[in-house]
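For reference, the structure is listed below as structure tokens.
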Amino acid sequence: QALISITDIGRKYVIGTETIHALKSVSLQINKGEFVALMGPSGSGKSTLMNILGCLDTPTRGEYYLNNIRVSEMSEDDLADVRNKEIGFVFQTFNLLPRSTSLDNVALPLVYSGVNKTNRLARAQEALENVGLGNRVHHKPNELSGGQRQRVAVARALINNPSIILADEPTGNLDTKTSVEIMGLLEEIHSKGNTIVLVTHEEDIAQHAHRIVRMRDGLIENDYRNDNVKSVS
Ligand code: ADP
Ligand code: ADP
């Protein structure tokens, strides 16, 4: 059963007299446990698609079912809940709160989930240990390297045990060695049964995924199983 099922979705922007079809017609099914890389030139619609998958944006046509629930029928409250609990976001620029420690950054989604403080801190501590940052819990983002910041962001993305991790260019701001380390971490997370969709420009990075979807001009150009998965370990 598909975790994500989108059928013939479109997303257009109307600006004055101009209409931009960011997504023309995209259909895609992603099953639980898949590791998908989304590639394509700048402007091909990758971010638009990721925003829709993450329930941050709504298609102007077509249907999106997440866990068999029709996203267009969800209330704003349901959507906020889905974004917090079902989806783990990882961004190129980390998006951490600069004045908060690693522990507080990772614990934050649990505030919205109504978890009490003692449990929040215990779970954030464990999540940071799981990404190899047990010794950096009281550091703030500017006291961490880029790779460490991204590990904090990954720990935060995982804290509510989401159904899916959406990672938009997670290695875009990292050097090659650190990028490989982050891909190793994503592989480990995938091996535990997590579903991952990763946007990347880098062919080397995409080769870590088990399925590669290429977009062009708001359409899926091709979608295939990667028979030569590159592994860090
Ligand atoms: P709406 O009916 O709300 O204006 P659309 O503009 O998405 O919705 O679709 C209007 C028609 O144009 C539909 O028949 C659709 O299949 C077609 N269409 C939508 N996007 C494109 C596109 N990028 N290129 C060509 N045809 C499109
Ligand atoms: P990618 O992530 O592949 O670079 P995007 O999804 O960001 O592509 O953009 C796809 C197309 O939609 C581009 O032509 C872009 O200019 C347009 N677009 C994206 N967001 C907006 C927006 N908020 N308003 C108008 N056009 C947009």
Side-chain angles (χ1 to χ4, degrees), residues 2-30 34-66 71-72 74 76 79-80 82-83 86-96 146 149-150 153-154 156-157 162-176 179 182-183 186 190 195-226:
L3 174 61
I4 278 178
S5 178
I6 62 177
T7 312
D8 189 24
I9 61 165
R11 175 64 165 106
K12 65 180 177 185
Y13 294 101
V14 179
I15 300 160
T17 56
E18 197 190 358
T19 301
I20 298 165
H21 288 94
L23 296 177
K24 290 175 183 166
S25 169
V26 171
S27 298
L28 184 67
Q29 301 220 325
I30 298 175
E34 283 202 82
F35 188 170
V36 182
L38 191 56
M39 299 197 77
S42 180
S44 58
K46 304 181 299 295
S47 300
T48 303
L49 180 57
M50 289 291 268
N51 287 340
I52 290 171
L53 294 180
C55 301
L56 297 166
D57 187 20
T58 320
T60 44
R61 70 171 212 199
E63 280 301 339
Y64 175 17
Y65 287 83
L66 174 62
V71 174
S72 62
M74 290 184 195
E76 268 312 313
L79 284 172
V82 163
R83 286 191 288 259
E86 299 290 334
I87 298 159
F89 295 98
V90 179
F91 305 94
Q92 177 170 2
T93 51
F94 321 126
N95 290 21
L96 300 173
R149 288 180 207 186
Q150 198 57 297
V154 169
R156 179 184 57 188
S163 301
I164 186 156
I165 303 289
L166 299 178
D168 198 346
E169 298 268 5
T171 63
N173 273 355
L174 304 175
D175 61 43
T176 305
S179 295
I182 292 297
M183 292 315 294
L186 292 179
H190 172 244
T195 312
I196 302 176
V197 180
L198 159 85
V199 169
T200 183
H201 275 106
E202 293 167 86
E203 203 60 55
D204 274 6
I205 295 293
Q207 293 306 324
H208 291 269
H210 295 230
R211 175 177 172 191
I212 301 181
V213 174
R214 288 179 201 273
M215 296 188 68
R216 181 175 292 275
D217 295 336
L219 296 166
I220 290 178
E221 188 176 49
N222 58 49
D223 178 352
Y224 59 94
R225 193 162 64 92
N226 182 14

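Indexing begins at 1, ligand by ligand and atom by atom, following the structure's order. All values below come from the heavy atoms of this structure, side chains included, with hydrogens, waters and symmetry mates left out.
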Worksheet item: Do Gln29 and Ser5 have a side chain donor and acceptor closer than 3.5 Å?
Response: yes

Worksheet entry | Lys46/Glu221 salt bridge by N-O under 4.0 Å criterion | no

Worksheet item: Excluding sequence neighbours, so at least two apart, what forms side-chain contact (heavy atoms from CB on, under 4.5 Å) with Ala80?
Response: Arg83

Worksheet item: side-chain hydrogen bond (donor to acceptor under 3.5 Å, both in side chains) between Ser25 and Asp8: does it pass, once the steps are laid out?
Response: CA-CA 5 Å; Ser25 169; Asp8 189 24; 2.5 Å; yes

Worksheet, complete the sentence: Rounding to 0.5 Å, atoms OG (Ser179) and CD (Glu169) come to a distance of 10.0 Å

Worksheet, complete the sentence: The answer, listing residues by chain and number that come under 4.0 Å of ligand 2 through any heavy atom, is Tyr13, Ile15, Ile20, Ala22, Pro41, Ser42, Gly43, Ser44, Gly45, Lys46, Ser47, Thr48

Worksheet item: Between Ile6 and Tyr64, which heavy-atom pair has the shortest distance, and what is it?
Response: CG2-CD1, 3.4 Å

